[in-house]
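Below you'll find the structure, written out as structure tokens, and then a few comments.
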Amino acid sequence: MNFQDKVALVTGSTTGIGEACARLFSGAGASVMLTGRNAERGGRVLDDILKSGREAAFIQADVRDDGVCDRLVGETVER
């Protein structure tokens with residue numbers, strides 16, 4: 001897979017399948033917007049990706065809350 005010059009927004013990227021997907025996209029060249037409810041775990045995943053020389057950012061969010069998905073997409077596009 002080649003995601004060079006692409007951006008991936010990955011919900012639930014602080015653990016499990018979401019984290020694995022975020023790491024996979026990052027390893028394939030994508031800039032990754034990480035999201036999840038737990039800021040500590042999100043920070044750990046973010047630090048790991050940044051240390052590998054890839055671009056990433058983290059937004060603490062719960063996609064069950066009204067309007068959060070629109071906010072996540074908006075912030076991802078803005079960055």
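The structure displayed is predicted, hence computed values, not measured ones.
- With values rounded to the nearest 0.5 angstrom, Ser31 atom OG is found 12.5 Å from Leu9 atom CG.
- Other residues, nucleotides and ligands contribute at most 12 non-hydrogen atoms within 6.0 Å of the CD atom of Glu55.
- In terms of heavy-atom proximity, Leu46 sits nearest to Phe58 at CD2-CB, 4.0 Å.
- Legend: residues meeting salt bridge (charged side-chain N to carboxylate O under 4.0 Å, His left out) with Arg44, ordered by chain and number and at least two apart, are Glu19.
- The hydrophobic cluster containing Met1 also contains Val32, counting ILVMFWY residues as joined when their side-chain heavy atoms lie under 4.5 angstrom apart, directly or transitively.
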Checking side chain to side chain contact (heavy atoms under 4.5 Å, CB included) for the pair Arg79/Val7: CA distance, chi angles, key distance, verdict? CA-CA 10 Å; Arg79 290 178 187 213; Val7 176; over 6 Å; no
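- Residues Ala22 and Ile49 approach most closely at O-CD1, 4.3 Å, considering heavy atoms.
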Please walk me through it: do Met33 and Ile59 pass side chain to side chain contact (heavy atoms under 4.5 Å, CB included)? CA-CA 8 Å; Met33 177 60 81; Ile59 298 173; 3.7 Å; yes
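- Under the 4.5 Å side-chain heavy-atom criterion for ILVMFWY residues, a single connected hydrophobic cluster contains both Leu50 and Phe25.
- Other residues, nucleotides and ligands contribute more than 12 heavy atoms inside 6.0 Å of the CZ atom of Arg41.
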I'd like to know whether Thr14 forms a side chain to side chain contact (heavy atoms under 4.5 Å, CB included) with Leu34, so could you lay out the CA-CA distance, the side-chain angles of the two residues, the decisive distance to 0.1 Å, and finally the verdict. CA-CA 7 Å; Thr14 60; Leu34 308 164; over 6 Å; no
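- Qualifying salt bridge (charged side-chain N to carboxylate O under 4.0 Å, His left out) partners for Asp48, counting only residues two or more places apart in sequence or in other chains: Arg23.
- Gln60 approaches Ala39 most closely through the heavy-atom pair OE1-CB, 3.6 Å.
- Considering all non-hydrogen atoms of both residues, Ala61 and Leu72 come closest at CB-CD2, 3.9 Å.
- With contacts defined as side-chain heavy-atom distances shorter than 4.5 Å, the pair Val68/Asp62 does not qualify.
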